[in-house]
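Step one of this worksheet: look at the structure below.
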Number of protein chains: 2
Amino acid sequence: MDSRKEQILKAIIKEYIFGAEPVSSKTILNRYGLNVSSATIRNEMAALESLGYIKQPHISSGRIPASSGYRYYVDFLMDNDNIVDKFNVLDINTSNIKNIHNYLKEVAILLAGLSNYTVIITEEKKGEDKIHHLKLVGLLEDKALLVLVLSSQKVKDYVLSFLEKISEDELKKLTEILNYYLIDKNMDGITQELKQEIINIFPSNPLLVEEIFKIVLTALYEERNVDIIVEGLKNIFKLPEFNEVKKIENFINTLEDQSQLSKIFDNILGQEKGKIDIKIGDEIGLEELSDFSVIATNCSFCDGIQGKIGIIGPTRMFYEKNITLLESLFKQKEE
Amino acid sequence: MDSRKEQILKAIIKEYIFGAEPVSSKTILNRYGLNVSSATIRNEMAALESLGYIKQPHISSGRIPASSGYRYYVDFLMDNDNIVDKFNVLDINTSNIKNIHNYLKEVAILLAGLSNYTVIITEEKKGEDKIHHLKLVGLLEDKALLVLVLSSQKVKDYVLSFLEKISEDELKKLTEILNYYLIDKNMDGITQELKQEIINIFPSNPLLVEEIFKIVLTALYEERNVDIIVEGLKNIFKLPEFNEVKKIENFINTLEDQSQLSKIFDNILGQEKGKIDIKIGDEIGLEELSDFSVIATNCSFCDGIQGKIGIIGPTRMFYEKNITLLESLFKQKEE
DNA sequence: ATTAGCACTTCGCACCTCCGAGTGCTAATA
DNA sequence: TATTAGCACTCGGAGGTGCGAAGTGCTAAT
């Protein structure tokens, strides 16, 4: 990727984000001052296509960005221009705020209005559940069952697969270690430090410990008292590329399905607050949302209520603007 | 409306509810055993059209029901067949019920699934606001200002118009009476009986008292802590007549606008619980929803939480089934 | 390495035609 | 007088055609 290719890729993405139409070599020539001819740009575009960054909807049409093109853009090319009007918590309509739920709804409505995309906020009241105890049971030589008993008497089990074989003895030892450290821990207690400590004590299979921690965290997470707020569904109708009922249906279906929705936030589960996560297209992990991108972050509200805020828009979303939006929201909350 | 016209109207509505396509004279002839020819049916259809019960999308097409046709059907022709699987509260997925809000969400999801339409539930926590005092101020000879001060220090004012003139003295007298009876009353205190009592004491203008009561009730109502749950948006995509993005957009836009939504329940505000209200097309009072009907009822949940449940579907909705659905929900709640 | 020029491809719009479905009307019938 | 058979008429929608605009890839020249 020489500088000229990057310039052209950036031009294509900016144009496409703005106009939602395939970008031609001529457009780039006219609007971006590269001192080369359209034929040269075409050659570079062919190169960018074979690199996988852009694609053609059909032969003899202009180019549109591919997912990896957006990823390259977000990682390397994006300007951090702060043109965006700073998000202002004061703009919230305070007249119907009577509790945290109402407040979050107003935040969602405001963010949806500012971003022009759809906003998802999860409201998570601290779950009371803790690990009561857990057990690892060997199944086959490369599989084991993780049985998890929670304080609420719920029992959950998960099948673990190992890359390498593990002996019964080792499983027993790991069970003991895990119980020693995890019993009576709630979600807040399952920290990265704790994980590291256990890996130090049980160094023979760090990947397995990683996996178990992820499962335990998810299990406790599921027992939290979660409400999901979705606002700005209507904004999808402003996007010219979603001009077919089928596409809208797909979007609404997915956003009405709570179990699917929470997957959007998989990446940031347990991550530090204020860190912005960007998932592009397939990175979301939901086939139905492969035309969308998500910008999300963890957030803590008052009274021990935590949550996640996500902005979901088309892959050709205004990344800079919406990252800035979420960042400035976070900064104001911290103050 | 002789019996044969009613039979034909009923046939047209049943067919259209089922198939969403204009109904022809031949269809009626084939599927409903009227011992007349299609020509006769056509004559009757022309008559029904001039009565306003049905209409033609275009000349030389079959007939579709008009709003007043549905109204006639609901009022006079509908079979109260209880084919519907009885609504069963036990079908609710209890695993994520941790509070009343979650419970209502599950009820909404279940109802949306059973009805195949969109379900709206309002969750109204008792507002603490009471009438602090009120005042009537004469403006012009047929207008006055009603100033309402609530315990929360909120001040609201409304312009009243009278059919007949009212003197300053009478306004003063009414203000005194209203203050005597309404001060320190919360929403529950504003009863029909109280209204009747005041009308008895101040018999010169019952309509005015009615209007003031409505305003007072609405004012306190607005101060309640309301949350609105909407589930089953996706069901709109199952309706063949909503096959255009514009129509879907219109629907979603309206249902995402909380201030519009509450109008759906205007009719049943303060009505007895369990009574089913049916609004067809324009009767909803929202231009955007003129292609929809609403079946709604008041409901009380636990802990003094009240609410309203509404099923919103196309005007060609399965009225019988959904009325039964709501009724059986109510019966089970009462038990 | 770059570029001018050109042949080629595809999309999408506008237009046309044709067929099926359904009506309203007229004249005949019970 | 109420009903009906028959027929001309209308409309929507599916399917086919033609054409221009937009844009590319390739070749040959610089």
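Numbered from 1 within each chain, the chains take letters A, B, ... in sequence-line order.
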Listed by chain and number, what are the side chain to side chain donor-acceptor pair (under 3.5 Å) partners of Arg71(A), not counting sequence neighbours? Asp75(A), Glu283(A)
Can you list the residues that meet the side chain to side chain donor-acceptor pair (under 3.5 Å) rule with Ser3(A), with sequence neighbours excluded? none
Can you run down the salt bridge (Lys or Arg N to Asp or Glu O under 4.0 Å) pairs that involve residues 59-68 of chain B, sequence neighbours left out, and say none if there aren't any? Glu49(B)-Arg63(B)
Any residue in residues 239-248 of chain B with a heavy atom nearer than 4.0 angstrom to DNA chain D? Just list them by number, or reply none. none
Can you name the ring pair (Phe, Tyr, Trp, His ring centres under 6.0 Å) partners of Tyr16(B), sequence neighbours left out? none
Test ring pair (Phe, Tyr, Trp, His ring centres under 6.0 Å) applied to Tyr72(A) - qualifying residues, sequence neighbours left out: Tyr53(A), Phe76(A)
If each end axis of the helix from dA1(C)-dT30(D) to dA30(C)-dT1(D) is fitted on five C1' pair positions, the angle between them, to 10 degrees, is 20°
Interface residues of residues 41-69 of chain A with DNA chain C (non-hydrogen, below 4.0 angstrom): Arg42(A), Asn43(A), His58(A), Ile59(A), Ser60(A)
If you walk 5' to 3' along DNA chain D, what is the first nucleotide with an atom under 4.0 Å of a heavy atom in chain B, and what is the last? dT3(D) to dG12(D)
Partner set under side-chain contact (heavy atoms from CB on, under 4.5 Å) for Ala11(A), not counting sequence neighbours: Ile28(A), Tyr32(A)
Contacts under 3.5 Å, N or O only, protein and nucleotides 27-30 of chain C:
none

Tell me which pairs pass ring pair (Phe, Tyr, Trp, His ring centres under 6.0 Å) where either residue lies in residues 248-269 of chain B, with sequence neighbours left out. Phe251(B)-Phe292(B)
